[in-house]
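Take a look at the structure below.
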Protein chains: 2
Amino acid sequence: MADIPDRRARRRAETLEEILAIALEVMAEDGVAGLSLSAVARRLGIRPPSLYKYFPSRHAVYDALFERGQRAYLEAVQRGAAGAEPGLAAMAASLEAGARWVMANQALAQLLFWRPVPGFEPSERAYAPALAVHDHFTALTSAAIERGELHPDAASEEGQALGSSLIAGLLSQQLANEPGAAFEEGRFTRWVARLPGVLAAIYPPR
Amino acid sequence: MADIPDRRARRRAETLEEILAIALEVMAEDGVAGLSLSAVARRLGIRPPSLYKYFPSRHAVYDALFERGQRAYLEAVQRGAAGAEPGLAAMAASLEAGARWVMANQALAQLLFWRPVPGFEPSERAYAPALAVHDHFTALTSAAIERGELHPDAASEEGQALGSSLIAGLLSQQLANEPGAAFEEGRFTRWVARLPGVLAAIYPPR
DNA sequence: GTCTATAGGCAGATAGAC
DNA sequence: GTCTATCTGCCTATAGAC
């Protein structure tokens, strides 16, 4: 009978994931801040109070989504860089993988990077992967500098600020103006592949 | 007695402006999408139904804010450029004036440029000033090209897309990460004054 | 132009039966 | 883990008296 608790746990985990998937649907339709647990319950076919056996509050649902989202984004940018030589080439591949993930997960990306829910602050645990993302791109920048592809100033705080603004600007413009466009055809996402070249123009080596 | 209707009209106009000012306060506190007419009425000291003598719906309040916001932003970027020589210098001054306006009117700027209210589409009338803003920056880009400060490709559609993404990225990062910072001290707004130089590095003349 | 009263909703969250 | 019932509170919007 030792496996019965396992079955229960598995079933419970499935329901948890189902709730989060439906929450993403609702956010895509009604806006990230428009998430309502009642709407989630309706779509899941249960009554709103039953949801509270899985999440103690609406806030907790946001936090679970935030953590899973950060983890998935981290994995996307790491996998993107994995195939390429460290340096500008890996940075290009990683930025593109991240941008594709954002365009494929728009509601979640808004929750992660634009904080559109007044009063919601992610827990430390949920925020942790974001620090790893930062370290990842810092390492790629350092590698590019060591290979002579970028000026050392690119690793400064202001260089990092400009770099993150470049990708954030392209994506926020794409999301606001052409959210449905394919990645290759988007007026703004088209630039993502050329970002390392832009960085090199701003921070030329030597 | 011909002035009595004028007085009434003036009083009414004052109340309209007061309602919009309070609506901005509420949006700043509860998020742009969290605007509630009841909250506005409470702060104004009247009952919610009375508001409907001034605006027929919540949507109409957003639309009035959108139009006034676009006009104010247009005026800001035009005044910013007015004192400088047309070309890159005027573009720098205009971008900085616009960025300062955004940081000083954060809730309104979100309504104008990030569309955070599901279901709200501005009326044609309210959107009109945005077209004038576009023309304004297109003219400044052309002037910079004629003066030999930028490569002609900067005026292409992709050049415009990159330019608007650069400023949008800096501001969205500043708003998300350091909304209270002074313009000169902001990690991201500090870059605004150097944007024309960045553009020139990406699109060098000749 | 202000009010009261009200319609008709929605939401988050809890208590307690089964 | 599900439900019903309920509390409490919010909202947009309208009708109609004054």
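All chains are named by letter (A, B, ...) in the order of the sequence lines, taking the proteins before the strands, and each is independently numbered beginning at 1.
Using modelled atom types and a 3.5 Å distance limit, the side chains of A:Ser38 and A:Arg42 yield no donor-acceptor pair.
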List the steps and the verdict of side-chain contact (heavy atoms from CB on, under 4.5 Å) for A:Val77 and A:Trp101. CA-CA 9 Å; A:Val77 298; A:Trp101 185 91; over 6 Å; no
Do A:Glu96 and A:Arg194 pass the salt bridge (Lys or Arg N to Asp or Glu O under 4.0 Å) test, and can you show the C-alpha distance, the side-chain angles, and the key distance before you say yes or no? CA-CA 10 Å; A:Glu96 178 171 334; A:Arg194 297 165 62 184; over 6 Å; no
Take A:Glu29 and A:Arg43, measure what salt bridge (Lys or Arg N to Asp or Glu O under 4.0 Å) needs, and give me the verdict at the end. CA-CA 13 Å; A:Glu29 291 172 27; A:Arg43 297 196 193 195; 2.9 Å; yes
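At the heavy-atom level, B:Pro48 lies nowhere under 4.0 Å from the strands shown. Among the protein residues, B:Ser50 comes within range of the nucleic acid bases, having at least one heavy atom under 4.0 Å from a base atom. At a threshold of 4.0 angstrom between heavy atoms, the contacts of A:Ser38 are confined to the sugar-phosphate backbone, with no base atom among them.
Considering only side-chain N and O atoms, B:Ser57 lies nowhere under 4.0 angstrom from the phosphate OP1 or OP2 of D:dT12. Here A:Arg47 reaches the OP1 or OP2 of D:dT4: one of its side-chain N or O atoms lies under 4.0 Å away.
If you measure from atom CG of B:Asp30 to atom P of D:dC10, you get 12 Å, rounded to the nearest angstrom. When the C1' atom of D:dT12 is taken as reference, atom OH of B:Tyr62 falls 13 Å away, rounded to whole Å. Note: CZ (B:Arg42) to P (D:dC10) measures 7 Å, nearest angstrom.
On the nucleic acid side, DNA chain C contacts chain B at distances under 4.0 Å to non-hydrogen atoms, with the end points of that region at C:dG1 to C:dA5.
Inter-residue side-chain proximity for B:Val102 and B:Gln174 is flagged as unmet; no heavy-atom pair is nearer than 4.5 Å. Within the 4.5 Å cutoff, no side-chain heavy atoms of A:Tyr203 are placed close to those of A:Ile145.
Only at 4.0 angstrom or more do the heavy atoms of residues 17-27 of chain B sit from any atom of DNA chain D, so none qualifies.
Within a 6.0 Å radius of CZ in A:Arg12, other residues, nucleotides and ligands contribute more than 12 heavy atoms.
The nearest heavy atom of DNA chain C to A:Lys53 and to B:Ile46 marks one nucleotide each, and the one closer to the 5' end goes with B:Ile46.
A tilted orientation is assigned to the rings of B:Phe120 and B:Tyr62, their planes being inclined by 30° to 60°.
Scanning both residues, A:Ala154 and A:Gln160, for their nearest heavy atoms gives O-NE2, 3.5 Å.
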